[in-house]
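Following: one structure in structure tokens, then a few remarks.
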Amino acid sequence: MAHYQGLIHRYHDRLPVTVSTPIISLNEGNTPLIELVNLPKQLGYDGRILAKFEGLNPTGSFKDRGMTMAVTKAVEAGSRAIICASTGNTSASAAAYAARAGMTCFVLIPEGKIALGKLAQAMMHGSVVIQIEGNFDDGMRLVQEIASEMPVALVNSVNPYRLQGQKTIAFEVIDALGDAPDYHVLPVGNAGNISAHWMGYSESVCQQTKACGLCNGQCPYHGAASATHRPVMLGYQAAGSAPFMRGGPVANPDTIATAIRIGNPMSWNLAWAAVKESGGWFDECTDAEILAAQKLLAQSEGIFCEPSSATSLAGLIKDLARGKIKPGGTIVATLTGHGLKDPDTAIAQSEAPYKVSADRTAIGALIQRYL
Ligand code: F0G
């Protein structure tokens with residue numbers, strides 16, 4: 001198999017690039033679609049549940065899919081600097097891709113409300129880290145103003161190239177399953193990702209399916225990511241930051257899932273369109289439900305995602321229990337970021353380690369209790 005060189009290379013025929021576009025890539029994408037082997041039974045579901053583990057992207061989140069496109073296009077346009085507001089992952093990704101491209105990167109982050117790993121990444125990759133006394137929504141407003149007045153390219157998901165890159169997750173799911181799943185569940189913050197998923201699925205529906213049954217090799221997408229249908233999209237928010245459930249912006253969003261601590265999502269209309277056109281819905285989960293789902297996934301399946309990502313599973317658990325999901329189907333859950341991003345939250349909700357002397361008998365006695 002050829003050396004994988006990132007998602008622009010892989011899906012170049014479905015992205016806004018040409019042969020002369022200078023691709024800035026860290027070989028992002030191509031993340032594993034992991035079959036959950038224990039949870040479906042535990043949750044009483046007779047179908048399949050698969051996790052698309054985006055935490056295994058180069059900077060540990062799905063943001064790399066959009067960032068490879070946004071930075072590539074910024075370089076192509078001659079930009080020397082990029083800027084973003086972020087709850088953490090976008091800044092980590094922007095910082096890394098800017099380093100790769102030799103650009104200056106400015107990131108605005110909410111003071112004290114960003115997970116430790118993400119802050120470390122933005123700092124380590126040499127971006128100019130600006131902590132603001134405000135939240136993500138304040139930062140978003142500021143970077144839009146600054147980018148319209150100064151020579152810096154905005155790489156938040158209001159930049160259309162971000163969603164172009166992020167839509168490739170749908171292509172990969174279809175390539176792995178041979179078709180779209182029945183349901184796709186994911187967390188919603190600024191709402192770019194659910195919009196990008198829907199764009200990717202929509203572009204993959206084989207135009208000739210109706211005419212030829214299996215498209216017969218004639219459709220433009222034959223051979224890569226061709227689907228017969230689109231999934232039902234379910235978007236889950238944290239209860240303290242759930243503007244889609246409230247019907248409008250939330251002034252002071254709050255949640256332990258800091259990545260989705262957002263009150264005024266930029267892709268409001270696109271996200272609503274995704275949910276409505278797919279026959280899906282939004283719902284909300286409490287912080288306790290989110291943390292419980294994070295732990296359940298870590299301890300039942302060996303997959304460690306960050307709290308925001310576990311909102312996918314937290315919401316799904318509720319919808320399965322309520323009987324809102326049809327039996328016997330295939331469900332894909334996007335796990336947006338790696339659990340190592342936020343070690344503080346993981347440690348705070350876990351049992352403290354034992355402290356024992358370095359003594360064979362003492363340790364043996366402790367182990368015996370578990371056997
Ligand atoms: N999960 C994680 C881990 C995220 O970092 C984000 C967004 C989301 C889910 C929500 O995705 O915004 O497209 O609806 N993080 C952004 C950031 C806001 O700045 O890193 P969305």
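Numbering of residues begins at 1 and proceeds along the displayed sequence. Atoms within a ligand are numbered from 1 in the order they appear, just like the ligands themselves.
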Exercise for review: Any atoms of ligand 1 less than 4.0 Å from a non-hydrogen atom of V188? List them with their elements.
Suggested key: 14 (O)

Practice item. Go through ligand 1 atom by atom and flag the ones less than 4.0 Å from a non-hydrogen atom of E306. Key: 3 (C)

Practice item. For atom 2 (C) of ligand 1, grab the closest protein heavy atom and report residue, atom and distance to one decimal in Å. Key: T336 OG1, 3.3 Å

**Study point:** Connected hydrophobic set around L142, excluding itself, where side chains approach under 4.5 Å
**Key:** I83, F106, L108, V128, I130, I132, F136, M140, V143, I146, M150, V152, L154, V158, I262, M266

Exercise for review: Would you check whether I262 reaches within less than 4.0 Å of ligand 1, judged by its heavy atoms?
Suggested key: yes

Review point. Among protein heavy atoms, which sits nearest to atom 11 (O) of ligand 1, and what does the distance come to when rounded to 0.1 Å?
Key: F62 CZ, 3.5 Å

Point to revise | Proximity to ligand 1 by part of A259, non-hydrogen separation under 4.0 Å | key: both

Exercise for review: Evaluate the ring planes of W268 and F244, with Trp represented by its six-membered ring, and classify them as parallel (under 30°), tilted (30 to 60°) or perpendicular (over 60°).
Suggested key: parallel

Review point. How far is atom 13 (O) of ligand 1 from its nearest protein heavy atom, and which residue and atom name does that atom have?
Key: N193 N, 2.8 Å

Revision key, fill the gap. Given the options Q299, E289, Q349, E306, Q294 meets side chain to side chain donor-acceptor pair (under 3.5 Å) only with Q349

Practice item. Using only heavy-atom distances, determine whether the side chains of S61 and K341 contain a donor-acceptor pair under 3.5 Å. Key: no

**Study point:** Residue and atom name of the nearest protein heavy atom (relative to atom 7 (C) of ligand 1), distance in Å to one decimal
**Key:** K63 NZ, 3.0 Å

Point to revise | Nearest-contact summary for atom 8 (C) of ligand 1 - protein heavy atom, Å | key: I260 CG2, 3.6 Å

**Study point:** Subset of ligand 1 atoms that lie under 4.0 Å from at least one heavy atom of T87
**Key:** 15 (N), 16 (C), 17 (C), 18 (C), 19 (O), 20 (O)

Practice item. Drop me the distance from I82's CD1 to M103's CE, to the nearest 0.5 angstrom. Key: 6.0 Å

Practice item. Just need the protein heavy atom nearest to atom 12 (O) of ligand 1, so name the residue and atom and give the distance. Key: N190 N, 2.7 Å

Review point. Does even one non-hydrogen atom of S157 get within less than 4.0 Å of ligand 1?
Key: no

Check your understanding: For the side chain of Q237 and the backbone of V188, is there at least one donor-acceptor N/O pair under 3.5 Å apart?
Key -> yes

Check your understanding: Got an N/O contact under 3.5 Å between G337 and ligand 1?
Key -> no

Exercise for review: Kindly confirm or rule out an N or O of S86 lying under 3.5 angstrom from an N or O of ligand 1.
Suggested key: yes

Review point. Taking only residues at least two apart or on different chains, which pairs with a member in residues 323-337 satisfy side chain to side chain donor-acceptor pair (under 3.5 Å)?
Key: H184-T334, H197-T334, S309-T336

Revision key, fill the gap. Ligand 1 atoms nearer than 4.0 angstrom to some heavy atom of G192 are 13 (O), 14 (O), 21 (P)

Check your understanding: Would D182 and R230 satisfy salt bridge (Lys or Arg N to Asp or Glu O under 4.0 Å), going step by step from the backbone distance to the final call?
Key -> CA-CA 7 Å; D182 298 301; R230 299 180 291 182; over 6 Å; no

Point to revise | Protein heavy-atom partner closest to atom 20 (O) of ligand 1 - residue, atom, separation in Å | key: T90 N, 2.8 Å

Review point. Do ligand 1 and G189 have nitrogen or oxygen atoms that lie under 3.5 Å from each other?
Key: yes

Exercise for review: Answer with yes or no after comparing the ring centroid distance for Y97 and H125 against a 6.0 Å cut-off, counting only values under it.
Suggested key: no

Check your understanding: D64 and T59: side-chain donor and acceptor closer than 3.5 Å?
Key -> yes

Check your understanding: In the protein, which heavy atom is nearest to atom 5 (O) of ligand 1, and how far is it?
Key -> N89 ND2, 2.8 Å

